[in-house]
Amino acid sequence: AQSVTQLGSHVSVSEGALVLLRCNYSSSVPPYLFWYVQYPNQGLQLLLKYTTGATLVKGINGFEAEFKKSETSFHLTKPSAHMSDAAEYFCAVSDQGGGGNKLTFGTGTQLKVEL
Amino acid sequence: GAGVSQSPRYKVAKRGQDVALRCDPISGHVSLFWYQQALGQGPEFLTYFQNEAQLDKSGLPSDRFFAERPEGSVSTLKIQRTQQEDSAVYLCASSSPRNTEAFFGQGTRLTVV
């Protein structure tokens, strides 16, 4: 069974400050890892994903995440927050096998960006 | 179409009423998923189709929930005798065999009163 833990249901940063959203996962097989963003009344948009290869992955809107197997973590970062980054962020894991990449999500982190 | 389309966007149902939620995936995507997102929670897997075959329905919470995809494209999630605990956003996603990314629709917000 797979699971995802997102530490901090709410994170608040100042505009221009570093964004760090934490994600730890549990998986019995090498995982695929994802970060999604959700704006109010919208579906989920993929920010970035890790499948194989380079452990530091870059995504859209200046976000990046690093897969650390030893720490079972996949934290999301952005060097400088922008007001438009305010949204809910979900970390997700899927296994590499069958099941069409069924996703297991964390409970989400609401990011607030203040002036 | 350009993306995953879901209808209706909003649905209010009286307790005990049956509802049907529609998902139109991206053309050519063989995999289709339904997720349920309760207020303040992350999405939770309901069921998965590969073409018209329902390969995994382990997440359906009760036998009141039924999903179908008869021609391998459009899918319908049906909820019979709706209860208040069924109130949630229902998200549909599709993906192609060569892509690990799932594309999500905007969801249907179901409110049972």
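Lettering follows sequence order; numbering is per chain, from 1. As the structure is a computational prediction, the values presented were derived from the model and not from experiment. Atom set for the values below is all heavy atoms of this structure, side chains included, hydrogens, waters and symmetry mates excluded.
Between A/Glu15 and A/Ala81, the shortest heavy-atom distance links the atoms CG-O, 3.5 Å.
Under a 3.5 Å cut-off, the side chain of B/Thr47 and the backbone N or O of B/Asp56 do form a donor-acceptor pair. Side chain of B/His29 to backbone of B/Ser31: no donor-acceptor contact under 3.5 angstrom is found. Judged by distance alone, with hydrogens and angles left aside, the side-chain atoms of A/Thr72 form no donor-acceptor pair with the main-chain N or O of A/Lys69 at under 3.5 Å. Side-chain N or O atoms of A/Trp35 include one that pairs as donor or acceptor with a backbone N or O of A/Phe74 at under 3.5 Å.
For chain A, no part of B/Gln6 is nearby; none of its heavy atoms comes within less than 4.5 Å. Heavy atoms closer than 4.5 Å to chain A are found nowhere in B/Leu55, neither backbone nor side chain. Only the side chain of B/Tyr10 comes within less than 4.5 Å of a heavy atom of chain A; its backbone N, CA, C and O stay farther away.
Scored by the side-chain contact (heavy atoms from CB on, under 4.5 Å) test, B/Asn51 finds B/Val30 as partners (sequence neighbours excluded).
Taking non-hydrogen atoms and a 4.5 Å limit, the residue list of residues 103-115 of chain A in contact with chain B, ordered by number, reads A/Leu103, A/Phe105, A/Gly106, A/Thr107. Applying a 4.5 Å heavy-atom cutoff, the residues of residues 101-111 of chain B that approach chain A are B/Glu101, B/Ala102, B/Phe104, B/Gly105, B/Gln106, B/Arg109. Near-neighbour residues of residues 36-46 of chain A relative to chain B, defined by a heavy atom under 4.5 Å from a heavy atom of that chain, comprise A/Tyr36, A/Gln38, A/Asn41, A/Gln42, A/Gly43, A/Leu44, A/Leu46.
Residues B/Tyr35 and B/Tyr48 keep their aromatic ring centres 6.0 Å or farther apart. Ring-centre distance between A/Tyr50 and A/Phe67: below the 6.0 Å cut-off.
Around CD of B/Glu71, the count of heavy atoms belonging to other residues, nucleotides or ligands within 6.0 Å does not exceed 12. More than 12 heavy atoms of other residues, nucleotides or ligands lie within 6.0 Å of CD1 in A/Ile60, so this atom counts as buried by the packing criterion. At most 12 heavy atoms of other shown residues, nucleotides or ligands fall within 6.0 angstrom of atom CZ in B/Arg15.
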